[in-house]
Amino acid sequence: MIFLIAVIALGIFHKQDKRYWVLSASASAIQLFAHLLFSGCGTSENRGVDGYVTAFVRQATNDGPEVLWIFPIAMLLGWVLPIYMISIGYKRKSHKTEQEDTTGV
């Protein structure tokens, strides 16, 4: 939720174009998808907060250490990819100086 609020605030305050909003909606959808697949920090006693993939791996490995391999994948899909997509869509508004206007650069 904090990610979504930050994305919306960044887009409104810096007046981003359509590309930013499309990528931010996609990033939010990817983050929601990752939450459904990998959510929670379930334990062997409380498996109700596990996502679909986490629950499957937990059951297949009988709560073995292989469950830890899910964490890097979940971080990449849940945070790294959405933040990367937002950074691609974000356009900084450059202010032309008088010197740039006269030189044609």
Side-chain angles (χ1 to χ4, degrees):
M1 187 67 168
I2 293 173
F3 177 74
L4 187 60
I5 292 170
V7 166
I8 291 171
L10 186 67
I12 290 174
F13 292 135
H14 293 279
K15 297 178 183 165
Q16 295 298 311
D17 57 356
K18 183 180 177 181
R19 180 175 184 237
Y20 173 82
W21 292 108
V22 169
L23 284 171
S24 65
S26 301
S28 297
I30 287 172
Q31 195 174 43
L32 176 66
F33 181 67
H35 178 70
L36 290 174
L37 292 179
F38 305 108
S39 70
C41 298
T43 61
S44 57
E45 294 85 26
N46 184 13
R47 296 180 182 184
V49 295
D50 282 345
Y52 296 116
V53 172
T54 308
F56 177 74
V57 172
R58 207 179 275 283
Q59 182 181 10
T61 61
N62 198 17
D63 286 333
E66 292 85 7
V67 177
L68 295 175
W69 286 99
I70 293 175
F71 180 71
I73 298 167
M75 289 302 292
L76 282 172
L77 191 61
W79 286 103
V80 175
L81 184 60
I83 290 173
Y84 177 70
M85 290 175 72
I86 296 298
S87 68
I88 288 175
Y90 183 77
K91 296 272 185 174
R92 291 189 181 207
K93 307 292 183 193
S94 61
H95 299 288
K96 291 186 176 182
T97 61
E98 292 178 21
Q99 189 177 33
E100 288 175 344
D101 289 337
T102 58
T103 59
V105 176

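Both backbone and side-chain heavy atoms feed into the values below; hydrogens, waters and symmetry mates do not.
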Path from [X] to [Y] over hydrophobic side-chain contacts below 4.5 Å:
X: F71; Y: I83; answer: yes
X: L68; Y: I70; answer: no
X: V53; Y: W69; answer: no
X: Y84; Y: I30; answer: yes

Counting neighbours of CH2 on W21 that are heavy atoms of other residues, nucleotides or ligands and sit closer than 6.0 Å, is the number greater than 12?
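More than 12 within 6.0 Å, yes.
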Please name all residues satisfying ring-ring contact (aromatic ring centres under 6.0 Å, His included) with W79, sequence neighbours left out, ordered by chain then number.
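Testing W79 for ring-ring contact (aromatic ring centres under 6.0 Å, His included), a comparison that skips the adjacent residues, returns F3.
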Using the test side-chain contact (heavy atoms from CB on, under 4.5 Å), find all partners of [X] that sit at least two apart in sequence or belong to another chain.
X: F33; value: L37, L77
X: I5; value: M1
X: L23; value: R19, M85, I88
X: F56; value: none

What distance separates Y90 OH from S24 OG, expressed to the nearest 0.5 Å?
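Y90 OH to S24 OG: 13.0 Å, rounded to 0.5 Å.
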Minimum heavy-atom distance between Q31 and G78, given as atom pair plus value
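Heavy atoms of Q31 and G78 come nearest at NE2-O, 3.1 Å.
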What closest approach, in Å, do E66 and V57 show between heavy atoms, and which atom pair accounts for it?
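Residues E66 and V57, closest heavy atoms: O-CG1, 4.2 Å.
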Each residue besides V80 in its hydrophobic cluster should be listed here, by chain and number; the cluster joins Ile, Leu, Val, Met, Phe, Trp and Tyr at side-chain heavy-atom distances under 4.5 Å.
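Other cluster members: L76.
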Are I86 and Y20 packed together at the side-chain level, in the sense that at least one heavy-atom pair is separated by less than 4.5 angstrom?
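Yes, side chains in contact.
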